[in-house]
Every structure is written in C-alpha cells, then in structure tokens.
Amino acid sequence: AQTAVTLETSAIITQSTSIGLHAPVLNGAAFAPTGSQLILTFDSQPTDRGGMAGVGQCALVLAAATVTTIRGGGTDEPLCYWRDDSTLVVYLNFETTLKPGSTVTLLPDAIRPAISTSQCPSPICAQGSATIDIDFPCGLGVKCAQPVAVVSGSQQISTCPSEELHLDASGSTGGGIKPLAYAWRVDPMRSDFANEINARLELLDGEDAFAIALGDLP
C-alpha cells in the first residue's frame, strides 16, 4: 500500500512596528482630494512638529530638493502647518512640479518625538522619505477630484454664412490647484470637414481656450 502525503506551506507576512521611544517614521505622502495640498503622515508617536507653531516655511522640516519641487516655477517659499502631532500639511501652488511618483524627503534631524529630551542631531530624530503613489496619489481608496466639463452655448444656429457658434466651458471644475486645460473637437461621425475643423481647433488647445467661437478659427 502507498500513502500519499500532501505538505502545505503558508507565508506569514509581518509588519515591523516601533515600540517605545523612537525616531518619528514618515508613513506616507498623498495629495488631498482637492489637489491643493500634500498630506504627510507619520506614525502614531507624537512628534515635536519640528519646533513649528502655526504656518511656517516647509524648509524647516523638508529637504531642500523637496522644497524646490514643491515650489516649482513659483517664487514664494512653500508653506506648511501641522494639523496634529502626526500630520504635516503642505500648501501647493499651481506652478508646483510635484506629481504622482514624486519622492518627498524630510530634512534630516529636524523632527523628534514630542517627549524626547535629546537634541538633534540624534538617532531619535527623524530621517527618511515617502513616495506619492502613482496609482493612488490621494491615498489608497481615496478618489482625487476629477475634471467635470460644463459647456454652455446655443443648441441651434441659423445657416447664414455670418452666423457663429459660441461655446463656453468656463464653468468647468475639478482642476485642483492646477488650472484646467481645454481641447475642443467636433465628432467626425456627425460633422462635415471634421478633419479640417479639428486641425484648426487643435491650435487653440490650452488653459485660455475655455471659450471659442466656431467661425473665428485661426
């Protein structure tokens, strides 16, 4: 007689946690759903907020390269504030170059535990970075604001050669901190000379093309 023996193996995934007094850990970086702020979350151990009180320059707690990315093409220094002892909020301007996939790095030895009596630099002071998730830039399970197009204009116009169709999408929303960009096209299945019209419409693409007049194309 033969006996069949089946061996089953299972993987146990463990997540390390810091117990006792330890250097603050940056757990994640994600955009607020509106896209106007970046939220940095630390582990549950309260921090000393990097010595900040109220709104202050992000350079007090974030690395210089990260501050440069946040500032982007702007001229003003990026500002931050602590929502609580474990949450740092970064204000974003519309010229920021921060995007999904960007890495946010702490200024070394700028943040320590709230109850620590040690002065930085010290092993008890925070170092590290977090990357904004490409697939979930506003956090796992959180939807970022999506553009919603709102177009107004005449439903019908006359066939007179001088008649123009005016369309306005300035009521559209959902760009977050960035201004919306507009691109207009006609449906080739429903429009004569669609290729020619779309080629001319394409020249208008951009932030200023929120309103157009068909009949006044370049």
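- Residues Val148 and Val142 fall into different hydrophobic clusters, defined by Ile, Leu, Val, Met, Phe, Trp and Tyr side chains chained together at heavy-atom separations under 4.5 Å.
- The neighbour count for Asp187 CG, taken as heavy atoms of other residues, nucleotides or ligands under 6.0 Å away, is above 12.
- Distance check, rounded to the nearest 0.5 Å: CD of Gln119 to CD1 of Ile124 gives 12.5 Å.
- To the nearest 0.5 Å, the span separating CZ on Arg49 from CZ on Arg83 amounts to 11.5 Å.
- Taken together through direct or relayed side-chain contacts under 4.5 Å among Ile, Leu, Val, Met, Phe, Trp and Tyr, Leu79 and Ile39 form part of one hydrophobic cluster.
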Next item on the list: Test Gln45 against Leu21 for side chain to side chain contact (heavy atoms under 4.5 Å, CB included), laying out the working first.
Entry: CA-CA 8 Å; Gln45 176 185 253; Leu21 190 64; 3.8 Å; yes
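- Using a 4.5 Å cut-off on side-chain heavy atoms (C-beta onward), Trp82 and Thr47 make contact.
- A donor-acceptor pair is defined here as one N or O able to donate and one able to accept, closer than 3.5 Å; such a pair exists between the side chain of Asp48 and the backbone of Arg112.
- Contact record, Asp109 with Pro121: OD2-CB, 3.3 Å, taken as the closest heavy-atom pair.
- Taking 4.5 Å as the limit, some side-chain heavy atom of Pro147 sits within range of a side-chain heavy atom of Leu180.
- Linking ILVMFWY residues whenever their side-chain heavy atoms come closer than 4.5 Å, directly or via other members, leaves Ile134 and Phe31 in distinct clusters.
- With a 4.5 Å cut-off on side-chain heavy atoms, Cys125 and Pro108 do not count as touching.
- A 4.5 Å side-chain heavy-atom check between Leu201 and Ile212 finds at least one atom pair inside the cut-off.
- Linking Ile, Leu, Val, Met, Phe, Trp and Tyr whenever their side-chain heavy atoms come within less than 4.5 Å puts Phe42 and Leu60 in one cluster.
- With contacts defined as side-chain heavy-atom distances shorter than 4.5 Å, the pair Val150/Thr173 does not qualify.
- In this structure the side chain of Val61 never reaches within 4.5 angstrom of the side chain of Leu106, judged on heavy atoms.
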Extract all donor-acceptor atom pairs below 3.5 Å that involve side chains of residues 86-100 and protein atoms in other chains or at least two apart in sequence.
from, atom 1, to, atom 2, distance (Å)
Ser86, OG, Asp43, O, 3.1
Thr87, OG1, Asp84, OD1, 2.9
Thr87, OG1, Asp84, OD2, 3.3
Asn93, OD1, Glu95, N, 2.6
Asn93, OD1, Thr96, N, 3.1
Asn93, ND2, Arg71, O, 3.3
Thr96, OG1, Thr69, O, 3.3
Thr96, OG1, Ile70, O, 2.8
Thr96, OG1, Leu98, N, 3.2
Thr97, OG1, Thr69, O, 2.9

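- For Asp205, the side chain to side chain donor-acceptor pair (under 3.5 Å) test picks out Arg185, with sequence neighbours left out.
- Shown here is Phe210, whose CZ atom has no more than 12 heavy atoms of other residues, nucleotides or ligands within 6.0 Å.
- In this structure the side chain of Met52 reaches within 4.5 angstrom of the side chain of Cys80, judged on heavy atoms.
- Evaluation of the ring pair (Phe, Tyr, Trp, His ring centres under 6.0 Å) test over residues 169-188, restricted to residues two or more places apart or in two chains, returns none.
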Note to self: Between Gln127 and Leu107, is the side chain to side chain contact (heavy atoms under 4.5 Å, CB included) condition met? List the steps.
What the structure shows: CA-CA 7 Å; Gln127 301 191 44; Leu107 180 66; over 6 Å; no
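- The backbone N or O of Cys138 lies less than 3.5 Å from no partner atom in the side chain of Asp133, so there is not a single donor-acceptor pair.
- In terms of heavy atoms, Ser116 sits closest to Ser118 at OG-N, 3.1 Å.
- Screening Thr105, Leu38, Thr103 against Thr66 for a side-chain contact (heavy atoms from CB on, under 4.5 Å) leaves a single residue, Thr105.
- There is a path of hydrophobic side-chain contacts, each under 4.5 Å, that joins Leu26 to Ile111.
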